[in-house]
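Numbering of residues begins at 1 and proceeds along the displayed sequence.
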Amino acid sequence: MRVDFDTSTSLVIQHTVAGSATFDGSSAGRAFLTLGSGTSAVTFRARKLGTDFNGYKVCMIEPPQDNPSERVAFDANDNRLDIILRKVSGSVSSTSAQVAAAVQAAGHIVTAAYGSTGAGTVVPAAGVLASGID
C-alpha cells in the first residue's frame, strides 16, 4: 500500500484502537527494525505506513579503515540502506545517537531513533524491516 498526501489540502487521520489497548502515539502499521539494545539500540521505522517496506534491509557496516563520520546510502536496486559507521584508531566509535542523527539527516526510506540516552557505541549489524501492515 502506498499512501501519498497532497499537503495543499486538509487531512484528518484516524487511529482506531481495538480491545483493551490505548493509543500511545506509536507508529502502528510501519515496518520497523531495532538493532542493538539499551543505550546502543537504534530503531529504524519506514517513513510510510503499510507493507511496502517489509523486507528492506538495513546494514550498519564497519569500514575497513578509519572513517571520520557516519555515511548513509540507499541502494534502490537491492532495497538496502547502508550506514557506514565512524571508526577511529581502528575501533568503531559511532554512538546510537550519532547513527540516528545521520539517518535522519540523510532523509532516505526510514527514520531512526536511539535507545535510552543514545550514548552507547553501536556494533556492526544488519536486519530486515518487518511488521508493516496495510
Looking only at heavy atoms, what is the nearest atom pair of L129 and F44, with distance?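 Closest approach of L129 to F44, heavy atoms only: CD2-O, 3.9 Å.
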P63 and I84: which non-hydrogen atoms are nearest, and at how many Å?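 Nearest pair, atom of P63 first, then I84: CB-CG2, 3.9 Å.
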Taking the side chain as C-beta and beyond, is there a heavy-atom pair between [X] and [Y] under 4.5 Å?
X	Y	result
M60	P124	no
L35	L33	yes
V110	L81	yes
Y56	F74	yes
D52	K48	no

Among the clusters formed by ILVMFWY side chains lying less than 4.5 Å apart, do [X] and [Y] turn up in the same one?
X	Y	value
V99	I109	yes
V72	I61	no
V42	F32	no

Flag, side chain of R86 to backbone of P68, donor-acceptor distance under 3.5 Å: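 The answer is yes, because a donor-acceptor pair under 3.5 Å joins these two groups.
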Not counting sequence neighbours, which residues clear side chain to side chain donor-acceptor pair (under 3.5 Å) with D82? List them please.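 Checked D82 against side chain to side chain donor-acceptor pair (under 3.5 Å); matches are R80.
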Quick one: side chain to side chain donor-acceptor pair (under 3.5 Å) partners of Q104, sequence neighbours excluded?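 Here no residue qualifies.
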Heavy atoms from other residues, nucleotides or ligands near NZ of K87 exceed 12 (cutoff 6.0 Å):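 Check passes, neighbour count above 12.
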Taking atom types as modelled, is there a side-chain donor on T34 or T43 under 3.5 Å from an acceptor on the other?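 There is such a pair between these side chains.
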